[in-house]
Amino acid sequence: MNEKQIIEAVKAGSGRVFGSGTRRRGDWSAQEHNGIISYLPDELTITVRAGTFMKEIEEKIAKHGQMLGFEPMDHSVIFKKKGMPTIGGALGVDADGPRRLRAGSMRDALLGVRFVDGQGQIIRAGGKVMKNVTGLDITRLFAGSFGTLGVALDVTMKLLPKPREQHIVSYNVPIAEAMDGLGKCMRMPLEITGAIYADDQFFIRQEASVVGPLKTRLKNELGKGETIDDTKWVELRDWKYLAQMPEIWRVYLRPSQVTKFLENIENPYMVLCGGSQIAIAGSLVDFQDQLREGMFARCEKGAVIGARFPKFTNAHLKLIEHTQKVFDPLNIFGGRDEN
Amino acid sequence: MTKPQFDIAALRNSAPNAEWITNSSALRAYECDSYSAYRELPVAVVLPSTTDEVAAIMRHCDVYDIDVVARGAGTSLVGGAMPKAGGIVLGLARLNQVVEFNPDDRMICVQTGMTNLMVSHIAAEHNLFYAPDPSSQMACSIGGNIAMNSGGAHCLKYGVTTNNLIAVKIVSAQGEVHDFHVDDGFDLRGIICGSEGQLGVVTEAWLKLETSPEGALPMMIGFPTPEDAGECVASIIRAGIIPVAIEYMDEIMIREVERFANAGYPLVSALLIVEIEGDPTRIAVEMGAIEKIAQKHKANPIRRSQNANEATKIWAGRKAAFGVMGRLADYITLDGVVPISQLAEALRRISEISSNHGMGVTNVFHAGDGNLHPLIMYDAQKDGDLERAEALGVEILTACIELGGCLTGEHGVGIEKREIMKRQYLPHELELQMQIKDIFDPQWRLNPDKVFPLDISAERRS
């Protein structure tokens with residue numbers, strides 16, 4: 001579909017829009033609306049149509065030594081889907097990955113988005129420049145809204161230069177030891193850009209223009225580990241360790257809470273983002289007693305995908321629903337449960 | 001339109017333990033913020049020290065239809081904290097405590113009246129820092145930073161407030177307390193950040209802390225023309241180097257800063273201060289690369305700072321820039337943004353517009369992210385001079401939009417730019433933004449008369 005057809009389809013109210021189907025299938029696809037509109041290496045920015053494959057973007061910018069800072073995971077691995085991830089899909093879920101602990105998620109790379117709202121109007125949020133605080137920040141709201149606010153047409157993102165060197169190392173240590181070590185190392189200038197714990201292994205990535213001296217200093221702190229290659233890292237990024245599991249939840253918490261949280265958990269898990277998140281295979285009842293004040297969990301895969309625990313307060317939910325209604329008064333994008 | 005006077009005693013009873021200011025001489029201190037050309041006296045100022053007090057006050061104001069302007073430290077450059085006549089100011093100054101902090105978390109929860117610099121002071125003991133660093137960081141509050149989505153010199157590498165804000169506790173116009181987290185699955189935190197006090201009063205915030213670099217050193221690079229400096233910035237970025245800061249200063253500014261702050265700046269047409277951080281090897285490698293790039297753009301002189309003392313001196317000059325100009329003239333500061341590739345063209349247009357108007361404009365800004373800060377000098381004693389300066393400002397900002405940029409990169413809209421929002425947004429886009437305000441503040445009592453053009457928001461505000 002081209003831009004005009006998307007607007008017409010929205011106006012005709014013909015249902016939900018999805019990307020290429022890495023997550024689930026929709027009534028019609030915006031994936032054909034693709035292609036790189038402009039790429040300006042000097043500006044570290046790129047503008048692409050929402051249906052553009054992530055792979056196409058990554059290959060293009062890699063030629064100029066640049067990358068997407070949020071290092072998005074490829075959801076097709078845990079969902080066992082053949083479709084290739086698109087940037088529009090990543091925007092819908094606010095994709096993130098191991099570099100989140102330094103560079104944030106997709107919303108942090110987002111400079112602007114142009115989208116069609118539920119009335120078929122084109123809305124421009126943000127722009128193409130690095131800083132913009134003109135009016136309400138609809139860009140941030142749009143990222144991770146699961147397509148409930150509109151159909152993205154094109155997306156402008158900030159890119160990062162790819163660090164010249166990287167070093168990935170793994171340690172065979174219990175989780176408590178890993179978290180203690182990380183707590184110490186993350187407060188030292190070791191340029192750690194990824195820290196994941198999975199299957200009794202603790203993985204740390206360092207990136208810099210010159211990584212040699214940093215490597216030595218990490219070794220002084222944590223001892224000699226096993227060097228890991230990039231292929232393994234991509235598997236970690238995509239949660240391959242949990243991919244066979246029918247249900248996966250993501251728990252949001254603080255690094256200092258991780259060890260205690262996991263004490264009574266038998267399920268397979270991965271500690272992500274330096275301890276700000278845990279991906280747990282299994283159902284909510286397996287871990288919900290461990291959730292303390294301020295922690296919450298969202299279902300990433302399984303029958304109740306998208307569910308959040310604890311649930312939003314009624315007042316909070318009302319704010320979300322009213323906001324969705326502003327963008328989509330006729331509920332074309334299916335954001336709200338309405339009878 | 002001013003609403004009828006309300007019962008002050010009844011309002012005080014909503015939060016009897018908060019500090020209340022009602023006598024007119026003490027209220028004077030709150031009549032404006034750093035955009036001091038515009039002033040208005042509030043009926044009362046309240047300084048609560050807990051979220052519960054804020055909620056009680058907001059509930060009372062909701063019932064009795066009282067306008068509320070939240071205020072951090074009053075350092076807004078756009079009138080964001082200017083009171084509304086007939087309404088109250090809700091100051092955050094006494095909400096200044098750490099709520100929770102474990103250094104291993106690399107995040108901190110603070111009440112939003114805490115100053116930006118205090119957060120970094122607390123974090124520094126643990127080799128951490130809070131990245132957004134507006135020039136006003138000694139005074140400005142986290143609450144104000146969230147309201148304006150503030151940036152600073154170092155946001156080229158670390159992002160602005162929204163990129164470093166994990167969660168907020170906010171009191172709504174009706175006095176309800178909400179917690180919004182970045183990963184909620186619907187990012188209301190994201191719409192709160194940068195909403196200029198239009199949607200609620202943020203009382204607590206979880207902030208992301210970064211690892212302090214091993215070291216950081218600035219270098220000074222002089223250029224024969226502003227164009228050369230602008231092109232050099234783009235070349236540095238293209239080479240894959242992201243300095244923590246790239247600051248630009250023009251000839252007028254260099255001269256004045258030298259005169260008063262004696263920072264040791266070379267007297268050139270355009271100066272870049274480029275800061276590199278990391279371990280000594282990395283700093284040396286990247287500085288060497290930048291030096292080579294700069295030479296291709298006719299740079300002269302190129303001076304690397306050798307130690308912390310030299311570095312402090314270089315930054316002291318930059319941070320003194322606005323104060324120094326204040327001694328020379330009254331000025332207004334703009335905050336437009338352009339794509340980096342348009343920097344040279346933007347500077348050319350600014351100087352053309354400035355000479356057309358016969359008024360002085362000097363430039364000092366964050367070049368790495370294209371965030372311009374033209375200072376327009378005027379004489380407050382001279383009739384009509386402020387209006388002329390403002391008209392010139394509108395022309396410069398319009399040029400920023402034409403070059404593919406925006407009206408404001410970090411100062412916000414406030415009262416200063418509300419009327420020219422129409423130059424950046426189409427009517428239906430502004431309508432969408434106003435409908436979002438309707439949800440959070442149906443009576444339009446929170447920081448009214450700001451951000452949105454007065455004519456299109458008139459009905460909602462009446």
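A, B, ... follow the sequence lines: proteins, then strands. Residue 1 opens every chain. Fair warning: this is a prediction, and the values are worked out from it, not measured in the lab.
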Side chain, backbone, both or neither: which part of [X] has an atom under 4.5 Å from a heavy atom of chain A?
{"X": "B:Glu176", "value": "side chain"}
{"X": "B:Pro339", "value": "both"}
{"X": "B:Asp279", "value": "side chain"}
{"X": "B:His411", "value": "backbone"}
{"X": "B:Ala167", "value": "neither"}
{"X": "B:Asn163", "value": "both"}
{"X": "B:Glu286", "value": "side chain"}
{"X": "B:Glu196", "value": "side chain"}
{"X": "B:Tyr425", "value": "both"}

Of all residues at least two apart in sequence or in a different chain, which pass the ring-ring contact (aromatic ring centres under 6.0 Å, His included) check with A:His322?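 A:His322 satisfies ring-ring contact (aromatic ring centres under 6.0 Å, His included) with no other residue.
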
Please identify, among A:Arg107, A:Gln66, A:His64, the residue contributing the most non-hydrogen atom pairs under 4.5 Å to chain B.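 Option with the greatest count: A:Arg107.
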
Looking at chain B, which one of A:Leu160, A:Leu44, A:Thr139 has the largest number of heavy-atom pairs inside 4.5 Å, strictly under?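 Most heavy-atom pairs under 4.5 Å with chain B: A:Leu44.
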
Do B:Trp206 and A:Arg254 pass the side chain to side chain contact (heavy atoms under 4.5 Å, CB included) test, and can you show the C-alpha distance, the side-chain angles, and the key distance before you say yes or no? CA-CA 11 Å; B:Trp206 277 100; A:Arg254 300 201 299 276; 3.5 Å; yes

Hey, mind stepping through B:Gln433 and A:Ile138 against side chain to side chain contact (heavy atoms under 4.5 Å, CB included) and telling me if it holds? CA-CA 8 Å; B:Gln433 294 191 26; A:Ile138 290 169; 3.8 Å; yes

Report the residues that fulfil salt bridge (charged side-chain N to carboxylate O under 4.0 Å, His left out) with A:Lys215, sequence neighbours left out, ordered by chain and then residue number.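 So A:Lys215 forms no salt bridge (charged side-chain N to carboxylate O under 4.0 Å, His left out) with any residue.
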
All salt bridge (charged side-chain N to carboxylate O under 4.0 Å, His left out) counterparts of A:Lys184, not counting sequence neighbours: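 A:Lys184: salt bridge (charged side-chain N to carboxylate O under 4.0 Å, His left out) contacts with A:Glu221.
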
For chain A, which of B:Gly404, B:Pro213, B:Ser341 has the most heavy-atom pairs under 4.5 Å?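 Option with the top pair count is B:Ser341.
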
If we define contacts as heavy-atom pairs under 4.5 Å, which of B:Asn149, B:Leu432, B:Val451, B:Asn371 has the most with chain A?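 Most heavy-atom pairs within the cutoff with chain A belong to B:Leu432.
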
N/O donor-acceptor pair under 3.5 Å between [X] side chain and [Y] backbone:
{"X": "B:Glu429", "Y": "A:Arg124", "value": "yes"}
{"X": "B:His428", "Y": "A:Ile122", "value": "yes"}
{"X": "A:Tyr252", "Y": "B:Val182", "value": "no"}
{"X": "B:Arg106", "Y": "A:Gly274", "value": "yes"}
{"X": "B:Asp105", "Y": "A:Ser256", "value": "yes"}

Note: [X]-[Y] ion pair, threshold 4.0 Å (strictly below):
{"X": "B:Asp184", "Y": "A:Arg298", "value": "no"}
{"X": "A:Asp108", "Y": "B:Lys208", "value": "no"}
{"X": "B:Glu214", "Y": "A:Arg217", "value": "yes"}

Stepwise side chain to side chain contact (heavy atoms under 4.5 Å, CB included) check, A:Thr134 with B:Met421: CA-CA 8 Å; A:Thr134 322; B:Met421 284 287 275; 3.6 Å; yes

Just checking heavy atoms, which of residues 111-118 of chain A are less than 4.5 Å from chain B?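 Heavy-atom contacts from residues 111-118 of chain A to chain B are absent.
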
